[in-house]
2 protein chains.
Amino acid sequence: MTTPFAFPIAVDVVALTVIDRALHCLVVTRGIDPYRGRPALPGGFVREGEQTLQAAERELEEETGITPPGHLEQLFSYGPLGRDPRGPVLSVAHLLLAPRFSPVRPGGDASGAHWRPVDALLAPDSPLAFDHATILADGVERARSKIEYSPLATSFCGPEFTITQLRTAYEAIWGAPLDPRNFHRKATKTASFIEATGRTAHEGAGRPAALYRLAPGVDETAFVLDPPLRRPTGPAPVPPTNPLPGRMRDNRASTEGEP
Amino acid sequence: MTTPFAFPIAVDVVALTVIDRALHCLVVTRGIDPYRGRPALPGGFVREGEQTLQAAERELEEETGITPPGHLEQLFSYGPLGRDPRGPVLSVAHLLLAPRFSPVRPGGDASGAHWRPVDALLAPDSPLAFDHATILADGVERARSKIEYSPLATSFCGPEFTITQLRTAYEAIWGAPLDPRNFHRKATKTASFIEATGRTAHEGAGRPAALYRLAPGVDETAFVLDPPLRRPTGPAPVPPTNPLPGRMRDNRASTEGEP
DNA sequence: TCAAAAGTGTTGGGAGTACACCCATGT
DNA sequence: ACATGGGTGTACTCCCAACACTTTTGA
């Protein structure tokens, strides 16, 4: 073969945040066909001269007005077959974890941009366009796993946060309550995780909480939590971060099946 | 934008196995430019009508004569910029862990196909073409992490294996010795991992070892090892499986940097 | 009988869970 | 005062690293 077949490459962004103790995902309302009017992950096609990560940042800004305030990383690639009615499209999905960044304004091909509870978007009758429910599920699973070993959950908080705020992020992502006392000890005692700023926060009643920040010189995605903070959920831990363990789905780009 | 820019999509395969207690990677000698004569990961371009996983399987067969006997999964995507002198190419890398499958014969665009020790391929002056040293490093790191939680290391062994063979696989991948007694207990006592076949293997001197197989109904990639088998290496565990934590490198498709 | 490899028992320390309890603040 | 949330102390359990020890084979 001399000239290889060329494919459009799409990028999609799973942007997660915590609102009211529940995990929310940023979705746009599609302004163009296919799936016009349906909710979808923000995203679009990679242009000439772009890396996929740059394209993800650009599409996020165009469609939602957000300049990534948190941590953006590649998630997984899907396709190119069977995921877009227009033809083969490879999608490189990305994951963004960030504090609730307020003014979301739609633009580009999007006629709306909103934070929606992840639970609703992952329901069996998910309204999401394309294979975006699959991508979202993979993104949530990756987030669940990554915060076990990395300080990435601090991305959900502002630059300074209380232990309770951090714990709330963990609880929202894992969907399980944690013991506040043990979490406090674990978070404050683990090296290379967080450090006290000396300041305190007064929120409502109760003793004011000490404020912390991410420990200096620590990459949010570095795997520094040793031993890790493991999620409580029973003896059979859900599959972890990586490219989807068991329960594979339809048109993901790779990994399983196809004899 | 109406018609999106289209890119060639490549697939590359990091095929790992254990030979003489050391981790080896399958590399081909490139028979065409660019990088003609240089070692490279087996791979090629995705054709119309293929999923990336299928393309990875096909290229592996064409260039090395191997039909994936182990477990093939998607690793990470790189590019499309700055990784091929011919122009932008997105590469979807895959990871294959398998027992040493013997007859490797070169074909397609490859003029040679050989197992090479991973250590040499990852040396600072790595001979690998393109960004394949980066991809290999990511693949090795993914393998190191995945065998902590999944029975995937059994992929390195045949259908039946002794505990010592399994331990040798772990030691080769992690690059660290393990206590045979403790490993034996851990491997045999962990539920949903391996089961005895009742047969024994007589290799050289010493008491014959019981033969085991992967527990029935267990997906090799399912994350069933709870608690996980954690690698010995000191208190600061190397980054894990996922898309590269900290130390990002040049032209990977995504995740970090690029303001 | 000895060497080599397989496999079991035992023990001390470290980490996690559960929960009692004290601290500091708003009302 | 009292409710509310922040933070510490402690007992119990489980896992694991370390290593002594037994079992089963080949030479």
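Please read these numbers as outputs of a predicted model, since none were measured by experiment. Note: hydrogens, waters and symmetry copies are ignored here, and every other heavy atom, side chains too, is used. Within every chain, numbering begins at 1; the chains are lettered A, B, ... in the order of the sequence lines, protein sequences first and strands thereafter.
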**Q** For residues 199-212 of chain A, which side-chain donor-acceptor pairs fall under 3.5 Å, sequence neighbours excluded?
**A**
unit_1: Arg199(A); atom_1: NH2; unit_2: Glu160(A); atom_2: OE1; d: 3.3
unit_1: Arg199(A); atom_1: NH2; unit_2: Glu160(A); atom_2: OE2; d: 2.4
unit_1: Glu203(A); atom_1: OE2; unit_2: Gln165(A); atom_2: NE2; d: 3.2

**Q** In Å and rounded to the nearest 0.5 Å, what is the CD to OG1 distance from Glu220(A) to Thr154(A)?
**A** 5.0 Å

**Q** Whole Å only: how far is the CG atom of Leu211(B) from the P atom of dT25(D)?
**A** 14 Å

**Q** Determine whether the side chains of Asp12(A) and Tyr78(A) contain a donor N or O and an acceptor N or O closer than 3.5 Å.
**A** no

**Q** Please list residues of residues 155-163 of chain B whose heavy atoms come under 4.0 Å from any atom in DNA chain C, ordered by number; otherwise none.
**A** none

**Q** Per the ring-ring contact (aromatic ring centres under 6.0 Å, His included) rule, which among Phe193(B), Tyr170(B), Trp174(B) passes with Phe183(B)?
**A** Tyr170(B)

**Q** Any base atoms under 4.0 Å from Thr164(B), or only sugar-phosphate, or nothing? Heavy atoms, all strands.
**A** sugar-phosphate

**Q** On DNA chain D, nearest-nucleotide positions of Lys186(B) versus Ala205(A): which is more 5'?
**A** Ala205(A)

**Q** Classify the side chain of Arg185(B) versus the base of dG9(C) as yes if they form a donor-acceptor pair under 3.5 Å and no if they do not.
**A** yes

**Q** Check every atom of dA18(D), dG26(D), dC23(C) against the side chain of His202(B) and return the nucleotide holding the closest atom.
**A** dG26(D)

**Q** Looking only at heavy atoms, what is the nearest atom pair of Pro151(A) and Val224(A), with distance?
**A** CG-CG2, 3.8 Å

**Q** Which nucleotide in the list dA5(C), dC15(D), dG7(D) gets nearest to the side chain of Arg207(A)?
**A** dG7(D)

**Q** Choose from dG26(C), dC23(C), dA20(C) the nucleotide whose nearest atom is closest to any side-chain atom of Arg181(A).
**A** dA20(C)

**Q** Out of dG6(D), dT25(C), dA15(C), which has the shortest distance to the side chain of Arg167(A)?
**A** dG6(D)

**Q** I want to verify a distance call: between dA24(C), dT25(D), dT8(D), whose nearest atom is closest to the Pro208(A) side chain?
**A** dA24(C)

